[in-house]
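Remarks on the structure that follows.
Each chain gets a letter, A, B and so on, in the order the sequences are listed, and its residues count up from 1.
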Amino acid sequence: MPELPEVETCVRELRPRLVGRVMRSAWSTVPRQLGDQTARQLSNFVKDREVQAITRRGKYIVIELNRGILLLHLRMTGRLYVDTTCKPAPDYARAGFVLDDGRESLYFRDVRTLGTIRFYKSIADAPELLNLGWEPLEHEVDASELKQTLEHRSQAIKVVLLDQSLWAGIGNIYASEACWVAQIDPRHLAQKLTRVQCERMCTAVPEVLNTALLRGGSSLRDFMSPEGNYGSFQKEFRVYDREGEVCLRCGGVIKRIVQAQRSTYFCPKCQKKR
DNA sequence: ACAGGATCCTGGGGGC
DNA sequence: TGCCCCCAGGATCCTG
């Protein structure tokens with residue numbers, strides 16, 4: 001579910017609730033979410049370690065402890081929140097981190113169980129972070145830099161936007177939205193983007209993500225922040241989930257197609273290949 | 001090398 | 001009501 005704006009919203013709300021607190025133990029009910037690591041190892045790892053910082057890299061959440069890090073990915077339906085420890089655990093809580101005196105826990109709720117939880121000695125030891133691309137809100141990308149990077153990419157631009165090694169944090173919603181803002185046909189081959197189109201994309205990506213972040217992200221089905229808030233950017237979607245509706249720019253009709261097994265929404269009238 | 005497909009899961013919604 | 005199919009803010013394998 002969550003893309004960069006939702007993950008960033010999550011991180012910002014978790015910070016005041018978690019930094020300075022000490023983890024006592026952890027549990028997990030879905031072994032697959034831990035990869036090769038076990039729930040027992042996870043619990044031993046976090047035991048008596050203080051949360052020093054919470055950061056984000058792409059769609060990954062990094063909980064920095066006084067020794068080591070927790071690396072979380074929410075995938076489609078993951079959600080993190082701090083609440084009173086209760087037994088049995090809340091519905092769909094797949095993992096929990098017991099805090100301080102045990103009265104509160106950090107819960108990892110995940111209906112589809114596709115989310116992941118890992119622990120490492122340091123950020124540098126996390127292989128998941130090695131191949132991530134630019135941070136869209138931190139690194140200002142220059143059109144020639146983008147054009148050069150896209151030179152050997154023979155896939156459609158919208159599919160390339162989903163590749164986390166280009167810009168990290170863009171997902172299916174914002175890839176469609178960015179193409180609309182940049183007035184680029186999502187089917188356009190990445191390597192054939194003109195310099196002008198690259199310029200527009202370099203502007204569109206951070207603009208779309210920043211606006212969404214200001215709205216607390218998008219809540220389509222079940223995104224909810226740690227504090228229980230829904231995002232509101234879905235009210236401002238210009239193409240995503242708007243099949244058959246009118247284009248706000250040109251009056252055309254928004255179309256839905258499938259690219260790389262994911263829905264793409266765009267306006268065939270004003271999103272041109274050139 | 002790369003594009004497309006299947007896979008991991010659960011649940012909601014629409015059609016019949 | 002129930003059943004079946006499709007769909008879902010992601011990413012990683014496997015195949016041709």
Side-chain angles (χ1 to χ4, degrees), chain A residues 1-11 28-36 56-61 71-80 90-95 108-118 126-133 136 150-179 186-191 205 208-209 211-213 215-225 229-237 239-244 256-265:
Chain A
M1 61 157 55
E3 305 180 35
L4 188 153
E6 293 78 27
V7 177
E8 181 63 27
T9 297
C10 175
V11 160
S28 155
T29 60
V30 185
R32 185 171 32 78
Q33 297 192 288
L34 303 187
D36 295 331
R56 176 192 59 74
R57 180 75 178 94
K59 297 171 195 167
Y60 286 92
I61 294 164
L71 188 68
L72 310 172
H73 197 301
L74 305 175
R75 292 288 185 101
M76 300 290 266
T77 53
R79 180 184 170 224
L80 288 168
D91 281 354
Y92 305 112
R94 311 299 192 185
F108 184 83
R109 178 192 145 103
D110 187 5
V111 173
R112 289 172 68 182
T113 71
L114 297 171
T116 58
I117 301 169
R118 294 295 135 86
E128 293 88 344
L129 305 181
L130 286 180
N131 295 318
L132 294 179
L150 295 181
E151 247 164 30
H152 62 105
R153 305 300 299 260
S154 54
Q155 294 157 291
I157 182 61
K158 190 266 186 169
V159 175
V160 173
L161 287 179
L162 293 178
D163 184 338
Q164 302 299 294
S165 68
L166 182 67
W167 267 296
I170 301 177
N172 205 39
I173 291 178
Y174 303 111
S176 280
E177 293 293 311
C179 286
R187 300 165 295 186
H188 195 40
L189 294 189
Q191 60 194 171
V205 165
V208 165
L209 295 174
T211 308
L213 177 57
R215 307 289 183 271
S218 307
S219 293
L220 255 192
R221 281 153 261 280
D222 45 13
F223 171 71
M224 187 187 273
S225 77
N229 302 313
Y230 291 108
S232 68
F233 191 69
Q234 68 279 3
K235 296 173 188 166
E236 297 173 41
F237 284 167
V239 282
Y240 191 84
D241 214 19
R242 295 192 66 232
E243 183 182 17
R256 172 185 176 271
I257 59 172
V258 175
Q259 294 180 289
Q261 291 93 244
R262 316 290 305 276
S263 288
T264 297
Y265 298 87

Rounded to the nearest Å, what distance is computed from the CG atom of residue A:Asp241 to the C1' atom of nucleotide C:dC7?
11 Å

If you measure only the distance, is there a donor-acceptor pair under 3.5 Å linking the side chains of A:Thr264 and A:Gln259?
yes

Could you tell me whether the side chains of A:Asp110 and A:Thr77 share a donor-acceptor contact shorter than 3.5 Å?
yes

Straight-line distance of [X] [atom1] to [Y] [atom2], nearest 0.5 Å:
| X | Y | atom1 | atom2 | answer |
| --- | --- | --- | --- | --- |
| A:Gln33 | A:Thr116 | CD | OG1 | 8.0 Å |
| A:Asp241 | A:Glu177 | CG | CD | 10.0 Å |
| A:Tyr265 | A:Arg256 | OH | CZ | 5.0 Å |
| A:Ser176 | A:Leu162 | OG | CG | 8.0 Å |

Closest to the 5' end of DNA chain C, once A:Val258 and A:Arg262 are matched to their nearest nucleotides, is A:Val258

Scan A:Tyr92 against the nucleic acid and name what it touches under 4.0 Å (heavy atoms): base, sugar-phosphate only, or nothing.
sugar-phosphate

Which class fits the ring pair A:Tyr174 and A:Phe233: parallel under 30°, tilted 30 to 60°, perpendicular over 60°?
tilted

Residues which pass side-chain contact (heavy atoms from CB on, under 4.5 Å) with A:Thr9, listed by chain and number, not counting sequence neighbours:
A:Glu13, A:Leu213, A:Ser225

State which residues pass side-chain contact (heavy atoms from CB on, under 4.5 Å) with A:Arg57; sequence neighbours excluded, sorted by chain then number.
A:Leu129, A:Leu132, A:Glu135, A:Ala168

Which value, in whole Å, describes the distance between the P atoms of nucleotides B:dA6 and C:dC6?
12 Å

Taking atom P in both C:dC7 and B:dG5, compute the distance separating them and give it to the nearest angstrom.
14 Å

Please produce a list of atom pairs where a protein N or O lies less than 3.5 Å from an N or O of nucleotides 3-5 of chain C.
none

With a 4.0 angstrom cut-off to heavy atoms of chain A, pull out the first and last contacting nucleotide of DNA chain B, in 5'-to-3' order.
B:dC2 to B:dG11

Bracket string, DNA chain B, 5' to 3' - pairs by Watson-Crick or G-U geometry under 3.5 Å, | interstrand:
.|||||||.|||||||

Position toward the 5' end of DNA chain B (nearest nucleotide), A:Leu114 or A:Ala260
A:Ala260

Is the shortest side-chain N/O distance from A:Ser263 to OP1 or OP2 of C:dA8 below 4.0 Å?
yes

Flag the pair A:Asp91 and A:Arg109 as a salt bridge only when some basic side-chain nitrogen lies within less than 4.0 angstrom of an acidic carboxylate oxygen.
no

What residues, two or more places apart in sequence or in another chain, satisfy salt bridge (Lys or Arg N to Asp or Glu O under 4.0 Å) together with A:Glu236?
A:Arg215

